[in-house]
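Keep in mind it's a predicted model, so treat the numbers as computed, not measured. Start at 1 and go down the list; that is how both ligands and their atoms are numbered.
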Amino acid sequence: MRQNIVAGNWKMNKNLQEGVELAKELQSILSANKPNCRVVIGTPFIHLTEVCKAVDQDLIGVSAQNCADQESGAYTGEVSAEMVKSTGARYVILGHSERRAYYGEDNAILKTKTDLALKNELTPIFCIGEVLEEREADKHFDIVKSQIEEALFHLSADDFKKIVLAYEPVWAIGTGKTASPDQAQEMHAFIRKTLADKYGKEVADEISILYGGSCKPSNAKELFANPDVDGGLIGGASLKAEDFQGIIAAF
Ligand code: PEP
């Protein structure tokens, strides 16, 4: 059975002390109210070590938001997958639309990053999704399919099973415009069919596909009620324990 997951993406928010405080607050809330899904928090790199100490990762998994496309060496300012792993983190968000748009990450780079994450036993939370013009031009299915094919379809079925996918229509991220439950289900079902065509139904049915884009306590339940929506990747609403807990409680 695939896992339901609610994963937070803190982006470039919270200094170290604030981040550790939020992690501790979540730890205390979730120890008292055991979640009915896997919970993950994606913190800035410099927070990882301290946040890993502040939470029980069987309750709250810790994730980086990126890793380098190189193993090690003269790449000033970069952080390798092996370094992420050494902090104790277990996940890494890859291919977020902000990385694609602002830092030139394309499918070829993301293919390498995925391989390095898997080599270091990190679970990639791999983001895919179209921009508004692509949806308006009715190209959203083709775009999402090619993002998956080009970055992930070189993986064996066994490795593919280690991936978590996050469908994040770019027009819904941080805009307050959520995809409707029907739009989310339609794309998630398409993604699962794409996986089934390549790896077979059994593998496709094991992959968690999260929805991301202005998900909040008030809309999480109807989004997560869809058969192919296995949780959410949450930006803004993951920065306040109460809001994040409200989304987790949708399961
Ligand atoms: C995100 O950036 O992954 C995201 C889903 O952001 P928000 O929830 O703020 O739209």
Side-chain angles (χ1 to χ4, degrees), residues 4-14 18-19 22 26 37-45 47-48 60-67 89 91-105 110 113-114 117 122-132 134-135 140 143-144 147-148 151 163-181 183-185 187-188 191 208-224 226 228-251:
N4 289 324
I5 303 171
V6 173
N9 174 14
W10 293 359
K11 311 194 185 189
M12 197 172 72
N13 292 296
K14 309 244 171 240
E18 291 164 346
L22 175 56
L26 284 169
C37 62
R38 179 75 174 132
V39 174
V40 175
I41 49 179
T43 84
F45 287 129
H47 298 46
L48 291 173
I60 304 174
V62 178
S63 178
Q65 299 171 17
N66 182 27
C67 70
Y91 298 80
V92 58
I93 297 169
L94 291 178
H96 191 280
S97 61
E98 288 150 17
R99 301 287 327 163
R100 292 178 189 260
Y102 308 147
Y103 301 97
E105 295 195 5
L110 292 168
K113 291 190 177 199
T114 302
L122 293 168
T123 298
I125 300 175
F126 193 93
C127 305
I128 49 188
E130 80 285 356
V131 299
L132 186 60
E134 290 162 344
R135 179 162 280 262
H140 45 302
I143 291 291
V144 165
Q147 289 171 337
I148 298 171
I163 305 279
V164 172
L165 288 175
Y167 168 59
E168 300 206 302
V170 182
W171 46 270
I173 295 180
T175 57
K177 256 194 226 167
T178 317
S180 70
Q183 282 174 320
Q185 171 57 25
M187 180 57 89
H188 283 228
I191 293 169
S208 300
I209 308 175
L210 315 185
Y211 166 79
S214 299
C215 186
K216 38 190 187 260
S218 57
N219 60 23
K221 215 176 186 126
E222 55 175 357
L223 285 162
F224 299 171
N226 287 293
D228 287 296
V229 178
D230 308 310
L233 180 56
I234 318 298
S238 70
L239 294 171
K240 276 199 193 139
E242 199 188 341
D243 292 345
F244 196 46
Q245 155 66 4
I247 293 173
I248 293 164
F251 279 118

- Parallel, tilted or perpendicular: rings of His188 and Tyr167 (30°, 60°): perpendicular

- Message: For Ile173, which part has a heavy atom under 4.0 Å from ligand 1: side chain, backbone, both, or neither?
- Response: both

- Any Ser238 heavy atom less than 4.0 Å to ligand 1: no

- What are the atoms of ligand 1, with element, lying closer than 4.0 Å to any heavy atom of Gly174? 7 (P), 9 (O), 10 (O)

- Message: For the OG1 atom of Thr178 and the CD atom of Gln183, what is their distance to the nearest 0.5 Å?
- Response: 10.0 Å

- One finds that the ligand 1 atoms under 4.0 Å from a non-hydrogen atom of Gly236 are 7 (P), 8 (O), 9 (O)

- Query: Do any nitrogen or oxygen atoms of Gly212 come within less than 3.5 Å of a nitrogen or oxygen of ligand 1?
  - Reply: no

- Taking only heavy atoms of Ser214, which atoms of ligand 1 are found under 4.0 Å from at least one of them? 7 (P), 8 (O), 10 (O)

- Task: Mark up the atoms of ligand 1 that fall under 4.0 Å of a heavy atom belonging to Gly213, in ascending order.
- Result: 5 (C), 10 (O)

- Between atom CG of Asp230 and atom CZ of Phe251, what is the distance when rounded to the nearest 0.5 Å? 7.0 Å

- Short side-chain donor-acceptor distance under 3.5 Å, Gln65 and Trp10: no

- Query: Between Leu233 and ligand 1, does any nitrogen or oxygen pair lie at a separation below 3.5 Å?
  - Reply: no

- Task: Taking only heavy atoms of Asn9 into account, list the atoms of ligand 1 that are under 4.0 Å away from them.
- Result: 2 (O), 3 (O)

- Query: Given the rule in the side chain to side chain contact (heavy atoms under 4.5 Å, CB included) test, do Glu168 and Ile128 qualify, once you have shown the distances and angles that lead to the verdict?
  - Reply: CA-CA 6 Å; Glu168 300 206 302; Ile128 49 188; over 6 Å; no

- Query: Looking only at N/O atoms, are Thr175 and ligand 1 under 3.5 Å apart anywhere?
  - Reply: no

- Rounded to the nearest 0.5 Å, the OG atom of Ser97 sits from the OH atom of Tyr102 at a distance of 7.5 Å

- Message: Tell me the contacting part of Cys127 for ligand 1: side chain, backbone, both, or neither, using a 4.0 Å heavy-atom threshold, strictly below.
- Response: neither

- Atoms of ligand 1 close to Ala172 [distance to a heavy atom under 4.0 angstrom, numbered from 1]: 10 (O)

- Could you tell me whether ligand 1 has any atom less than 4.0 Å away from a heavy atom of Lys216? no

- Task: Find all atoms of ligand 1 within a distance of less than 4.0 Å from any non-hydrogen atom belonging to His96, and give their numbers and elements.
- Result: 1 (C), 2 (O), 3 (O)

- Heavy-atom side-chain contact between Lys240 and Gln245 under 4.5 Å: no

